[in-house]
Amino acid sequence: MKIIMKSKFITFFAILLGAAGVALADHHGNKIEITANDTMQFNSKAFEVAAGKEVTLVFKNLGNLPKAAMGHNVVILKPGTATATYGMAAVSAAASEYIPQDDANKALVVAHTKLLGPGEEDTITFTLEPGEYPFVCSFPGHFGLMNGVITAK
Ligand code: CO
């Protein structure tokens with residue numbers, strides 16, 4: 001019973017945070033979960049994590065459309081990176097699942113997941129210095145809708 005109460009309590013706060021638009025990392029694990037769907041949406045555009053501590057990012061593609069038509073990834077970029085510029089560069093990087101391999105673009109990437117097809121998931125870990133890190137899905141045409149910011153503090 002106590003466990004059920006706690007679960008409801010957490011859900012209540014998750015709803016409040018959702019309304020505020022910022023998804024906070026789990027306090028103990030510094031873990032965030034990002035999902036994507038067939039309408040080119042991430043579950044949230046704003047995440048907050050603790051700086052200087054390993055972050056676990058679990059990314060899930062909840063969609064049904066084939067990977068070739070509606071693949072999704074999460075590419076975390078250095079603070080100040082223009083997501084549109086990166087997204088445009090990524091269009092021609094099909095051979096590397098839309099992660100450009102030239103030195104200039106590679107230098108902009110802090111971490112990235114695999115490109116996921118329907119029902120797939122990937123977990124990555126990384127550690128951030130304090131700052132605001134833009135993230136995008138770099139699948140062609142997605143960065144305009146599929147973008148957000150991870151704030152580390
Ligand atoms: Co996408």
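Bear in mind the structure is a predicted one, so any value in this text is a computation, not a measurement. The residues of the chain are indexed from 1 along the displayed sequence.
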Minimum heavy-atom distance between [X] and [Y], given as atom pair plus value:
X: P79; Y: P134; value: CA-CD, 4.1 Å
X: P118; Y: G63; value: CB-O, 3.2 Å
X: C137; Y: G71; value: SG-O, 3.9 Å
X: V58; Y: E121; value: CG1-OE2, 3.7 Å
X: K53; Y: N30; value: O-ND2, 3.2 Å

Roughly how far, to the nearest 0.5 Å, is [atom2] of [Y] from [atom1] of [X]?
X: Q41; Y: H72; atom1: CD; atom2: NE2; answer: 9.5 Å
X: E33; Y: T123; atom1: CD; atom2: OG1; answer: 9.0 Å
X: T35; Y: K60; atom1: OG1; atom2: NZ; answer: 8.5 Å

**Prompt:** Which residue pairs pass the salt bridge (Lys or Arg N to Asp or Glu O under 4.0 Å) test with at least one member in residues 89-109, sequence neighbours excluded?
**Reply:** K67-E97

**Any pair counted as salt bridge (Lys or Arg N to Asp or Glu O under 4.0 Å), so long as it reaches residues 139-153, sequence neighbours left out** = E48-K153

**Message:** When you measure from the side chain of N147 to the backbone of A84, do you find a donor-acceptor pair of N or O atoms at a distance under 3.5 Å?
**Reply:**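 No, because the side chain of N147 does not come within donor-acceptor range (under 3.5 Å) of the backbone of A84.
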
**Request:** Would you confirm whether N37, through its side chain, and L62, through its main-chain N or O, come within 3.5 Å as a donor-acceptor pair?
**Result:**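 Pair absent, no side-chain N/O of N37 close to backbone of L62.
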
**Message:** With a 6.0 Å cut-off (strictly less than), is the heavy-atom count around NZ of K114, excluding the residue itself, greater than 12?
**Reply:** no

**Prompt:** Just wondering, are more than 12 heavy atoms of other shown residues or ligands nearer than 6.0 Å to CD in E129?
**Reply:**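 No, the 6.0 Å shell around CD holds no more than 12 heavy atoms from other groups.
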
**Asked** By salt bridge (Lys or Arg N to Asp or Glu O under 4.0 Å), which residues pair with E54, not counting sequence neighbours?
**Response**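 Counting only residues at least two positions away or on another chain, E54 forms no salt bridge (Lys or Arg N to Asp or Glu O under 4.0 Å).
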
Hydrophobic cluster mates of [X], side-chain heavy atoms under 4.5 angstrom, ILVMFWY only, any path?
X: I99; result: V75, L77, Y86, M88, L108, V109, V136, F143
X: Y98; result: L115, F139
X: I76; result: I32, I34, M40, F42, F47, V49, V55, L57, F59, L65, M70, V74, V110, L116, I124, F126, L128, Y133, F135, L145, M146, I150

**Message:** S138 and side-chain hydrogen bond (donor to acceptor under 3.5 Å, both in side chains): which single residue from N105, N73, T83 fits?
**Reply:**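 Result for side-chain hydrogen bond (donor to acceptor under 3.5 Å, both in side chains) with S138: N73.
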
